[in-house]
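Some notes on the structure that comes next.
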Amino acid sequence: MHRREKLKALQEKKINPYPCFFKRTYTSKEICDSFEKLETETTPVSVCGRIISLRSHGKSAFFHILDGDGKIQVYLKSDEVGEEKYKLFELFDIGDFIGVTGKVFKTRTGEKTVRSEDFQLLSKSLHPLPEKWHGLQDKELRYRQRYLDLITNPEVKETFILRTRILSCIRKFLDSQGFLEVETPVLQPVYGGAFARPFITHHNALDIDLYLRIADELYLKRLIIGGLEKVYEVCKDFRNEGMDKNHNPEFTMLELYQAYADYSDIMELCEKLFNFIALELFNTNKIRFQDEEIDLSPLWRRISFWESIEKYTGVDLSRAEEKKIREFAQDLGLKSDPTIRIGKIIESIFEAKVQPNLIQPTFILDYPVEMSPFAKKHREKEGLTERFEGFIAGAELMNAFSELNDPLDQRERFEQQAKFKQMGDEEAQVLDEDFLKAMEYGMPPTGGLGIGIDRLVMLFTNSTSIRDVIFFPQMKPES
RNA sequence: GGGGGUGUAGCUCAGUGGUAGAGCAUCUGCCUUUUAAGCAGGUGGCCGAUGGUUCGAUCCCAUCCACCCUCACCA
């Protein structure tokens, strides 16, 4: 008899295969944790979950049920539940949800087990689960049917629970520091705050195109202008770009702004935040990522952008002319044709030669102004900005500035971007007149920070693909 | 977009120019402390799609589709 026939047979016995309710008194974990006490008690426990394995012996059966906390074995015996009820169990399959009531005991091998006195179908499953030993291996199926991945591969569940706990830690930490969590628009008439092509959508009533945000930066700054001195938002950003193990078209970003702070204050904040997360999750500030042990404890290494290039290439490019930098990039085998602007060339040199070496937490400071349209010019160093990026395990996790708050300078930077756009750079910034107007009312000195949350979760969960930390990564629809 | 790989039973995977195999799952028996339960016997497949070569293709070739890896792109 197959599953649908069993379903029918149950209905003929007037059993609702999808009942509304079961009164659970203990989870599997609670039973295991307080087993010694429960063993001496006379009142039975009620547990429920999905049947994930089944060993039936004619007139008795053992099975494991999986619930949110873990799993527990159940023992079912014909002469204890009655012959008729036992027969009913033959209509149950692996994958079904069941509620079980009974007293706890230990089997001959010492396994904590519930001896069923009564049981009830809670939901009939019409498909078999993936193979019990290997689990679900096919990556495509794991992403498309994540629920099967979660049922059969326990470490996947742990990764995603960690993700949620990391988010809680971030909020707990920032709230404790006096930050206010806020919400700003996803649908924006002008997109900005990052370099990326946007997703475009249309509002029917207004008959205008709107963009899904690529960043929330310009809105959070409006709140700083409005007098909210410490704000942050954890949100989805959308970038219409390629996908790989570090990029998903929608991804989670933390942006944070603090009035009367500069980028040095933000560096300290980053160190504290990462250590807080590590201590809360693992009770240590040393974490393992692939083959590396990462020591998050402060102070992190600080090295200026140009120095880092000199250190890892042996060449000081800080005063080099554009022509020389282009030649140098070419020698390294990097693209350097004249249509690519110099900021991007410098960036590609950095990414190729410096970034892979940044395993232990490192702040790279003081980026050239042409790479950083929202960062304030450096208080001392000509041609540089007060900007840092934070790298761990070779990945860029943080990007922060002393924020540009000079409206005239900001306007010039936008105009510069407009030129890039005309030259064919699809990712250059669009001039945002409304934002400039806000800034012209006066914006206090402010430190700002962006952290790619997915990458941060990858670091803390030792994952090498962004798809392993996003429940439902973007996939092409099945045909 | 370039290069490489994968696609065979519900799942995990073998395999062959002559219409297909294992383990698990499933079905039928037997089995009242098992745990990758056991024993016996079954069911299950457009061999990713479309063309071509061939007497004959799941296998060789071409194209396409999906996924993975990698490079490019990408704050």
Side-chain angles (χ1 to χ4, degrees), chain A residues 1-3 5-6 52-64 71-81 83 86 90 93-95 105-111 113 115 125-145 148-149 151-153 193-197 214-215 217 237 239-249 251 253 255 333-335 340 343-344 347-348 350-352 355 367 371-375 387 389-391 395-401 425-427 429 450-452 455 464-467 473 475-479:
Chain A
M1 211 190 296
H2 289 93
R3 286 167 189 254
E5 295 165 325
K6 288 179 182 172
I52 53 162
S53 67
L54 175 58
R55 297 166 293 284
S56 126
H57 302 80
K59 292 226 160 76
S60 75
F62 286 93
F63 55 92
H64 279 94
K71 56 185 183 178
I72 188 147
Q73 181 169 256
V74 178
Y75 182 45
L76 186 65
K77 222 167 136 180
S78 172
D79 52 19
E80 283 176 7
V81 295
E83 230 170 274
Y86 191 85
E90 286 167 2
D93 288 295
I94 290 174
F105 76 108
K106 268 189 186 165
T107 64
R108 204 148 56 187
T109 56
E111 181 165 353
T113 301
R115 186 189 299 269
S125 165
L126 299 179
H127 293 291
L129 291 180
E131 204 234 10
K132 61 185 170 187
W133 193 239
H134 301 91
L136 190 65
Q137 295 297 323
D138 186 293
K139 284 199 177 169
E140 185 174 355
L141 289 182
R142 290 181 48 205
Y143 299 146
R144 287 193 196 279
Q145 295 180 277
L148 294 179
D149 195 23
I151 294 165
T152 48
N153 300 322
F195 298 103
R197 279 141 67 191
I214 59 172
E217 169 153 353
D237 287 343
R239 297 186 185 174
N240 207 338
E241 311 279 3
M243 294 155 54
D244 60 35
K245 63 180 182 176
N246 284 307
H247 297 86
N248 195 62
F251 62 99
M253 184 76 127
E255 286 201 35
L334 302 169
K335 274 207 239 166
I340 306 174
K344 291 208 165 190
E347 195 175 308
S348 68
F350 177 85
E351 281 170 12
Q355 191 170 333
Y367 284 68
M371 294 170 67
S372 316
F374 294 105
R387 172 188 180 191
E389 290 190 320
F391 294 85
E396 180 210 327
L397 291 176
M398 294 150 263
N399 185 20
F401 327 125
D425 185 346
E426 290 186 75
E427 286 159 9
Q429 287 291 310
I451 298 183
R455 291 183 191 174
T464 54
S465 171
I466 197 168
R467 294 188 194 103
M475 303 282 277
K476 274 198 191 177
E478 282 179 291
S479 48

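Values below: all heavy atoms of this structure, side chains included; hydrogens, waters and symmetry mates excluded. Every chain is numbered from 1 and lettered A, B, ... according to where its sequence line falls, protein lines coming before strand lines.
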Contact nearer the 5' end of RNA chain B, comparing A:Arg387 with A:Arg115 = A:Arg115
To the nearest Å, give me how far apart NZ (A:Lys77) and P (B:rU32) are.
-> 11 Å
Hey, where does RNA chain B pair up into stems, meaning at least three consecutive Watson-Crick or G-U pairs with distances under 3.5 Å?
-> B:1-7 with B:65-71, B:10-13 with B:21-24, B:26-30 with B:38-42, B:48-52 with B:60-64
Who pairs with A:Ser78 by side chain to side chain donor-acceptor pair (under 3.5 Å), at least two apart in sequence or on another chain?
-> none
All N/O contacts under 3.5 Å from nucleotides 29-31 of chain B to the protein, with atom names and distances to one decimal?
{"residue": "B:rC31", "atom": "N3", "partner": "A:Gly58", "partner atom": "N", "Å": "3.4"}
{"residue": "B:rC31", "atom": "N4", "partner": "A:Gly58", "partner atom": "N", "Å": "3.3"}

Salt bridge (Lys or Arg N to Asp or Glu O under 4.0 Å) involving A:Glu255 - partner list, sequence neighbours excluded = none
Using the C1' atom in both, what is the distance from B:rC65 to B:rG51, to the nearest Å?
-> 15 Å
Please state the C1' separation for the pair B:rU50 and B:rG41 - nearest whole angstrom.
-> 41 Å
Using the C1' atom in both, what is the distance from B:rU8 to B:rA49, to the nearest Å?
-> 15 Å
With a 4.0 Å cut-off on heavy atoms, is A:Phe350 in touch with a base, just the backbone sugar-phosphate, or nothing at all?
-> nothing
Phosphate OP1/OP2 of B:rU33: any A:Arg108 side-chain N/O under 4.0 Å | no
Per the atom types in the model, does the base of B:rU32 pair as donor or acceptor with the side chain of A:Ser78 at under 3.5 Å?
-> no
Atom-to-atom span, CZ of A:Arg142 to C1' of B:rC68 - whole angstrom | 12 Å
Rounded distance (Å) that lies between atom C1' of B:rU34 and atom CD of A:Glu111 | 9 Å
Rounded to whole angstroms, how far apart are CG on A:Asp138 and P on B:rA9?
-> 11 Å
Could you pull out all residues at least two apart from A:Gln355 that satisfy side chain to side chain donor-acceptor pair (under 3.5 Å)?
-> none
In whole Å, what is the span from the CG atom of A:Asp79 to the P atom of B:rU33?
-> 11 Å
When rounded to the nearest 0.5 angstrom, what is the spacing between NE2 in A:His57 and NZ in A:Lys77?
-> 12.5 Å
Could I get a table of every N or O pair under 3.5 Å where one atom is in the protein and the other is in nucleotides 69-74 of chain B?
{"residue": "B:rC69", "atom": "OP2", "partner": "A:Arg467", "partner atom": "NH1", "Å": "3.4"}
{"residue": "B:rU70", "atom": "OP1", "partner": "A:Lys245", "partner atom": "NZ", "Å": "2.9"}
{"residue": "B:rC73", "atom": "N4", "partner": "A:Asp244", "partner atom": "OD2", "Å": "3.1"}
{"residue": "B:rC74", "atom": "OP1", "partner": "A:Lys344", "partner atom": "NZ", "Å": "3.2"}
{"residue": "B:rC74", "atom": "O3'", "partner": "A:Glu427", "partner atom": "OE1", "Å": "3.3"}
{"residue": "B:rC74", "atom": "O2", "partner": "A:His247", "partner atom": "ND1", "Å": "3.0"}
{"residue": "B:rC74", "atom": "O2", "partner": "A:His247", "partner atom": "NE2", "Å": "2.2"}

Same-atom distance (P) from B:rU63 to B:rC59, integer angstrom | 15 Å
Kindly indicate, with the supporting measurements, whether the criterion side-chain contact (heavy atoms from CB on, under 4.5 Å) is fulfilled by A:Thr107 and A:Gln73.
-> CA-CA 10 Å; A:Thr107 64; A:Gln73 181 169 256; 3.6 Å; yes
Is a side-chain N or O of A:Arg142 found less than 3.5 angstrom from the main chain of A:Gln137, in a donor-acceptor match?
-> no
For atom C1', what is the distance between B:rU58 and B:rU19, given to the nearest Å?
-> 10 Å
Mind calculating the distance between NE2 (A:His127) and P (B:rC24) to the nearest angstrom?
-> 23 Å
Using whole Å, report how far NE2 of A:His134 lies from C1' of B:rU12.
-> 5 Å
Spacing of the C1' atoms in B:rG42 and B:rC46 (rounded, Å) = 24 Å
5′-ward residue of the pair A:Pro128/A:Gln73 relative to RNA chain B = A:Pro128
Mind checking the C1' distance from B:rA20 to B:rA57? Whole angstroms is fine.
-> 14 Å
Begin with the C-alpha distance, continue with both residues' side-chain angles, and end with the deciding distance and a verdict on salt bridge (Lys or Arg N to Asp or Glu O under 4.0 Å) for A:Glu80 and A:Arg115.
-> CA-CA 9 Å; A:Glu80 283 176 7; A:Arg115 186 189 299 269; 3.2 Å; yes
Sugar-phosphate only, base, or nothing, as touched by A:Gly452 at under 4.0 Å among non-hydrogen atoms | nothing
Using the C1' atom on both, measure B:rG45 against B:rU28 and round to a whole Å.
-> 22 Å
